[in-house]
Amino acid sequence: MLAKLSTRPAVRRSAGTGALALALLGAGLPATAADRPQPDLTRFYRQKVTWTACKGSDMPKDLQCAKVTVPLDYARPGAGTLDVALARYQATGKKQGSVLLNFGGPGGAGIPELATDGKEFMDLTNGYDVVTFDPRGVGRSSPVSCGEGSDEASQATDDAAGLSHPQELLAQLRKAADECARHSGPVLPHIGTVNTSRDLDVIRQALGDKKLNYLGFSYGTRLGAVYAAQFPHKVGRLALDGVDTLTEPLSEQGVAGAEGQQTALDDFLDWCTTDVACPFGQDRRAAEDQILRLVRSLDAHPVPTDSGGSFSGQDLVGTIGEALYSKQLWPPLEHALTSLVQDGDTRGVLNIAAGGAAPADGTRSGNGGLVDPQDVPPDNLPAALMAINCADDPDRPDAAQITKDLKNLRATYEQASPVFGRYRLTQLLMCYGRSKGTDFIRGEVKDVHSAKMLLVGTRGDPATPYRWTVETAARLGPSAVVLDNRGDGHTGYTSSKCVHRKVDDFLLYGSLPPSGSSCPADGTEGSGITGSTD
């Protein structure tokens, strides 16, 4: 989880003057590259969006779909293109443009999320078309896949528990990286937040907006911040909820994530063990041990699923981690775990893992066009998460360094969380064998001279710790305004009435709370914003 880009002011040019692309594109590159003549992207910036009804019986009738075409490689726009899938709810009030949503991940597809939870954003239709998209490599937009690569990497880290065969581990990790490259196609070398941010600017122009209005969650804050740095003079009203880090390497992010998820698991077990239906009984001290035994048992003996696959302990860890992001998912998680523990029934946990989506057959488009929803690879989310995080991170230790550090890394991760440690370490090691990522985000994204941005940090967030909001705001500079949400859960917009109202007021009317002010947790005394006390 990271954030922005170049601090060099962008050259502004009217959208109606024809050859607008060169100025827009030069703003999105590091200074050394932007000093060189830039490729002509005019044809991409001259697009207009054509909206039609979204296909599929599960799609809301008032949700419309479209696509925008972007270069596969912005440095060589003639070398190929890919389509980015869009969806929108039209404005019902006086329209003042569009607001773009990114729900996070990285690797999360926007369209199914908006189709499922669109009601959370209907207030914004009072002034905007509410638009989301599947970023490049995600969902219907040239989705990446690892085939069996993710399973191989997970198995490799498990086999290396004794650290007696590090070379075998590294060979399996490299094989896993090769599998990801083989299954993902030409988009993989061009995936990552830097290029997705440039796609976002093409989308903005195609929608007819002079400036970008944007609401990003979790990883979406990294994307929004990168956009603000690449295109500072195209920033309209940007709200970033669940703020990512700009500076921490993936290794430190993984530890922070494991610690946050462990805290959330502790809270879940505190709640679960007060219920007689809890599958782990009412002894709180024993409950976590039972979780660990269940994970290890499933890793040793994965259970078959109705689709013909298998469900391992690490699959369970990933599913639990997803469900812990929101207290609303605790009851279905409890029921799913009960079915798994008592009957060996994986349907409940698989439904949580898939977000209720039907499994796909894994076929994909190789020509840059949109794939059908049923053809999105079932592992697209974890595959895209790995690809984007690796592309955004410049650290790529060699075999000797990994061999030296592996024992300490494993101990550190397992100390952070006995349940989530290995899962998070696997995500870190998956970057081995891939090309080195950009150092632009970590090195250059700071002191952004854009319009004011609203950054929301939640005190009890298990995925993006509150300190990241404070650190990121300080790094971005005076343009960042912080709202302190004193609640729990990952992000605040859909869980806090106060945060929801303040974000809407900013996006719809440009009304910003004082920086450092706070929202109380829902259900506590008072409902307004208060001054920060720390």
Side-chain angles (χ1 to χ4, degrees), residues 49-68 83-93 95-141 143 196 199-200 203-204 206-207 209 212-221 223-224 227 237-242 322 325-326 328-329 352 354-358 360 370-374 376 380-381 384-385 490-495 499-500 503-504 507-508:
V49 178
T50 301
W51 297 99
T52 60
C54 293
K55 298 178 180 178
S57 59
D58 58 340
M59 285 291 180
K61 295 187 182 302
D62 55 344
L63 187 67
Q64 297 179 315
C65 286
K67 68 177 182 180
V68 165
D83 292 335
V84 175
L86 309 177
R88 75 168 180 180
Y89 288 107
Q90 285 187 274
T92 56
K95 183 178 175 179
Q96 60 192 61
S98 304
V99 59
L100 270 290
L101 307 183
N102 181 280
F103 298 101
I111 294 174
E113 188 76 25
L114 187 61
T116 302
D117 294 325
K119 63 181 183 298
E120 300 283 357
F121 306 95
M122 286 301 102
D123 289 346
L124 295 175
T125 62
N126 289 332
Y128 294 108
D129 287 348
V130 175
V131 182
T132 192
F133 63 106
D134 291 355
R136 60 169 60 206
V138 175
R140 300 187 62 202
S141 305
T196 298
D199 296 343
L200 197 58
I203 294 170
R204 172 200 60 76
L207 293 172
D209 293 335
L212 178 73
N213 304 304
Y214 177 85
L215 174 56
F217 300 95
S218 191
Y219 162 77
T221 69
L223 176 58
Y227 182 89
R237 298 169 184 170
L238 263 66
L240 310 179
D241 184 2
E322 288 293 319
Y325 280 167
S326 170
Q328 295 177 348
L329 292 176
I352 291 175
L370 298 182
V371 304
D372 291 333
Q374 68 270 19
V376 176
N380 178 238
L381 174 57
L385 183 147
H490 186 36
T491 73
Y493 185 79
T494 60
S495 60
V499 171
H500 193 109
V503 170
D504 282 357
L507 291 173
L508 288 167

Inset, instruction - Using the salt bridge (Lys or Arg N to Asp or Glu O under 4.0 Å) rule, collect all pairs that involve residues 105-122, keeping only residues at least two apart or in two chains. - result: none
Legend entry - Validation row, ring centre Tyr493 to ring centre Phe103 under 6.0 Å: no
Just so I know, are the side chains of [X] and [Y] near enough to count as touching, which here means a heavy-atom distance under 4.5 Å?
X      : Y      : result
Asn380 : Val138 : yes
Leu200 : Arg204 : no
Val49  : Leu86  : yes
Tyr214 : Asn102 : yes
Val131 : Val99  : no
Val130 : Leu114 : yes
Asn213 : Leu100 : no

Inset, instruction - Apply the test side-chain contact (heavy atoms from CB on, under 4.5 Å) to residues Leu124 and Leu508: give CA-CA distance (whole Å), side-chain angles for both, the deciding distance (0.1 Å), then the verdict. - result: CA-CA 7 Å; Leu124 295 175; Leu508 288 167; 4.2 Å; yes
List in chain and number order the residues that pass side-chain hydrogen bond (donor to acceptor under 3.5 Å, both in side chains) with [X], two or more places apart in sequence or in another chain; answer none if no residue qualifies.
X      : answer
Thr494 : none
Asp199 : Tyr74, Arg136
Thr125 : Thr92
Tyr128 : Gln96

Legend entry - Aromatic ring pairing Tyr325/His490, orientation class (parallel under 30°, perpendicular over 60°, tilted between):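 Tyr325 vs His490 ring planes: tilted.
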Legend entry - Partner set under side chain to side chain contact (heavy atoms under 4.5 Å, CB included) for Ala85, not counting sequence neighbours: Ile111, Asp134, Arg140, Ser141, Leu370
Inset, instruction - Applying side chain to side chain contact (heavy atoms under 4.5 Å, CB included), name anything that partners Leu381, two or more places apart in sequence or on another chain. - result: none
Please tabulate, for side-chain N and O atoms in residues 51-64, each donor-acceptor pair with protein atoms closer than 3.5 Å (sequence neighbours left out).
| unit_1 | atom_1 | unit_2 | atom_2 | d |
| --- | --- | --- | --- | --- |
| Gln64 | OE1 | Arg88 | NE | 2.7 |
| Gln64 | OE1 | Arg88 | NH2 | 2.9 |

Legend entry - Asp123: partners by salt bridge (Lys or Arg N to Asp or Glu O under 4.0 Å), with sequence neighbours left out: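 Scan of Asp123 (salt bridge (Lys or Arg N to Asp or Glu O under 4.0 Å), adjacent residues dropped) gives none.
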Legend entry - Asp129 (side chain) donor-acceptor with Ala91 (main chain) under 3.5 angstrom: yes
Legend entry - Partner residues of Tyr89 under the ring pair (Phe, Tyr, Trp, His ring centres under 6.0 Å) criterion, sequence neighbours left out: none
